[in-house]
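Notes follow once the structure below has been shown.
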Amino acid sequence: MKLHLDSPSTPATRYWLGGRLPLGLAGLLFLLLLGLSELLLQQVQQRREDEQRQQVSSQAGELRARLLNELNGTLHLATGLAAYLQSRNGEIDEAALQPWIEGLTTQSRHIRNIALAPDNRISYVYPLAGNEGALGLYYPDNPQQWPAVQRTIASRQPVLDGPITLRQGGQGLAYRVPVFLRDGRYWGLISTVIDIPSLLRELPEAARSMQLEIALFSRPEPDSGTPMLGSAAWLAQAHSQLQLPVPGGQWLLLARSTEPASGAVSMVWLRLLAWSLSLVIGGLLALMLRAAQQQERARQALDESRQRFAQAFVTAPQGMALLTPQGRWLAVNQQLCHLLGRSASELQQSDLLSLVAASEQAQASQHLQAAQAQPQQWESRLLDAFGQTIDCQLGAAWVEGQPPCLILQCQDIREQKRIERLKSEFVATVSHELRTPLTSISGALGLVVNGALGEVPASMAEMLRIADQNSQRLTLLINDLLDMEKLEAGKMPFNPRRCSLAAQLREALSSLQAYAEPLGVQLCLQGANDVMVEVDPLRLQQVLANLLSNAAKFSPAGAQVTLGWQVTGDSVRVSVCDHGPGISEAFQAQIFHKFAQADASTTRQQGGTGLGLAICRRLIEHMHGRIGFDSTPGQGSTFWFELACQPLPATAEDSPHA
Ligand code: ADP
């Protein structure tokens, strides 16, 4: 049989769960979750921005299409005029041209004027009103426009230039179409001036309806120059940049959404949520790990305590065992095996009670039962493998667990018993040998002191009285010692018989009167309903005499000592109540031990051997009773004993005294 213990956790586990790693792990998880959620949020934000960009781009595309539509519609008109001039070989017939150009300008509401500049000099302007300033303009003389005009002629393609400051006042876009005659000769230019405010008038409104802000540059790149439309302040935040192909160049349309950044608010909430979630998950993990850590520590502590217990169990200098509540062996240590001369496996076949001497089995069984409620200690004789009895001091206590069991301690007390026996025998022999000469000394002294042999000279009287008193004390002590020895050796004769309790108490009281009177103590009897008790009257008188003499001895003069009895069911309690000093708490536990006296000086003052109560206890227990006391230090004591009793037979004459 062995004690099985779970293997303790490995050092690695201890390091994992015992160190600061759990908190670090939780922190790491928190940071990881935070990073992940941030990554996710950024993706969501990116997607939202992309969507917004796409939406802005498609709306800006619509605006671009509208603008190009307006512009191209206007420019195509001028292209038709160039073809007309080619067909006329450059000849200008004002009368024929007038209604035609008039028609052109009314077709497009954005044309401010159309000018014909044969050989680069404007010779015809329609309408003339408001544009008189342009008439006669010779481009080579105009340093602002001439470089662009030169590029137009060189490219032989129409070019939209501007915005330019018009000679006739204001600003406009100049759409210049170089005209080359059929023979390839350069004829001159057709310049159509487009009114910028008119061309762009509807664009801001259309953009607003789409919740857009736009800026239009007449260049392909947004440089430091002022845009034709809108502001250049937000270029960096533009959601969309669209190129507009115009004759001879590119325009740039920038757009951004003016919608309030509702996404940004929700992103703040989302971020907050993600952080909180990370914190909660991290916190939960930390709590879980902490709980696991505490569990692990508790397990470690349990492991250690189990190991300590197992070690104590195995190495204990006395026999140790674990028993089922019925007394079957669960585990035994080497010491017990050695003591009983049996192997662990042999013991496993039996139980404790089968190894207890037959006469003590009932008592051992009772102790095992009682040990389930509170620890028990008792003496038993156990049988070893060779049938020898071993005096043992047994102790049993209940151990909660799975399954619950009893822990048994078994101490070999054979040597102790042997020494006690030797001591008792020695005391008995000495006492016996002393008693005979002491009786004759005491008797002789009694005769001398009492004057039976003649008058005692005054000079000797005091010494003789002291010698007489001490010889009586010595006789008392020797009688007590011999009684004790007889009781312990089981040699005290007991002659039990049924007798009236009240009669016994009356007898004891009257015997003690002579002792109490000189002390000034009054003895009285109190009780009702006499009962029959099965006792040895001699031994009962001995107990009563001891209790009454103690009570009288420790009472102050003039005090009362009450001898009483009380019947409860089939038992009677006899009590001796005094108003003496009581029993100090420190002394209460030993009062029934042999030679126990509260204070040595008391012995000298009051006399006594310290054996009286120890003898009383053994006598009462021999008569199957129980003895005890109640005392309040300083206020007196009540010594009592309980015996089984029966009602008086109907014919009984005894009547109680009160
Ligand atoms: P003793 O012969 O010394 O009286 P006992 O065994 O009868 O021996 O008593 C032991 C001790 O108990 C006494 O010495 C005393 O200290 C204490 N004792 C006994 N009875 C009383 C009592 N009624 N009041 C106070 N102390 C008592």
Side-chain angles (χ1 to χ4, degrees), residues 424 427 431 435 438 469-488 492 505 508-509 511-526 539-565 573-622 625-642:
S424 298
V427 171
S431 309
R435 191 155 67 166
L438 194 63
Q469 200 178 28
N470 280 311
S471 72
Q472 279 174 26
R473 260 193 198 177
L474 212 53
T475 310
L476 216 65
L477 173 64
I478 284 174
N479 284 339
D480 278 356
L481 280 172
L482 284 170
D483 278 354
M484 198 63 186
E485 191 274 326
K486 275 190 211 149
L487 278 166
E488 287 192 336
M492 173 72 88
L505 299 189
L509 203 75
S511 307
L512 257 290
Q513 286 295 0
Y515 178 82
E517 256 169 37
L519 299 172
V521 174
Q522 195 197 340
L523 302 181
C524 61
L525 188 66
Q526 207 170 60
R539 300 300 156 211
L540 184 65
Q541 287 303 319
Q542 191 176 348
V543 172
L544 287 168
N546 191 71
L547 296 184
L548 282 169
S549 64
N550 275 352
K553 187 162 68 175
F554 291 104
S555 288
Q560 198 178 53
V561 168
T562 313
L563 173 64
W565 80 93
R573 174 179 278 214
V574 178
S575 53
V576 178
C577 177
D578 67 56
H579 302 283
I583 318 292
S584 71
E585 276 181 19
F587 184 58
Q588 290 185 0
Q590 317 150 33
I591 196 160
F592 287 105
H593 291 180
K594 286 189 279 184
F595 302 107
Q597 286 182 317
D599 178 3
S601 61
T602 326
T603 322
R604 256 169 270 130
Q605 259 179 35
Q606 322 279 8
T609 62
L611 282 169
L613 287 176
I615 293 173
C616 285
R617 194 186 78 181
R618 283 169 176 77
L619 291 176
I620 289 293
E621 281 174 358
H622 222 97
R626 210 159 71 89
I627 189 165
F629 70 94
D630 301 311
S631 174
T632 310
Q635 289 182 20
S637 355
T638 300
F639 281 80
W640 51 260
F641 60 85
E642 288 172 348

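First listed ligand is number 1; within each ligand, the first listed atom is number 1. Along the sequence shown, residues carry numbers from 1.
Of the heavy atoms in Ile583, only side-chain atoms (C-beta onward) come closer than 4.0 Å to ligand 1.
Contact detail for Ser631 and Gly636: the closest heavy-atom pair is OG-O, 3.1 Å. Nearest heavy atoms, Leu611 versus Asp480: CD1-CB, 3.8 Å. The heavy-atom pair separating Ile478 from Arg435 by the smallest distance is CG2-CB, 4.0 Å. Shown here for Leu505 and Val574, the closest heavy-atom pair between the two residues is CD2-CG1, 3.9 Å. Scanning all heavy atoms of the two residues, the minimum distance from Pro556 to Gly580 falls at CD-CA, 4.2 Å.
Using 4.0 Å as the threshold, Phe592 has no heavy atom nearer than that to any atom of ligand 1. Judged by the shortest distance from any of its heavy atoms, Ser637 lies inside the 4.0 Å radius around the atoms of ligand 1.
Comparing heavy-atom distances from atom 4 (O) of ligand 1 across Val561, Asp480, Asn550 singles out Asn550 as nearest.
A heavy-atom distance below 4.5 Å is not found between the side chains of Arg618 and Arg539. Residues Val521 and Phe554 fail the side-chain proximity criterion, which asks for heavy atoms closer than 4.5 Å.
Some N or O of Gly610 is nearer than 3.5 Å to an N or O of ligand 1, by distance alone. The N/O atoms of Phe587, backbone and side chain alike, include none that comes under 3.5 Å of an N/O atom in ligand 1.
The ligand atoms of ligand 1 that sit less than 4.0 angstrom from a heavy atom of Ile591 are 12 (O). When each atom of ligand 1 is checked for a heavy atom of Asn546 under 4.0 Å away, the hits are 7 (O). Which parts of ligand 1 touch Phe639 is read off a 4.0 Å heavy-atom cut-off, strictly below it: atoms 20 (N), 21 (C), 22 (C), 23 (N).
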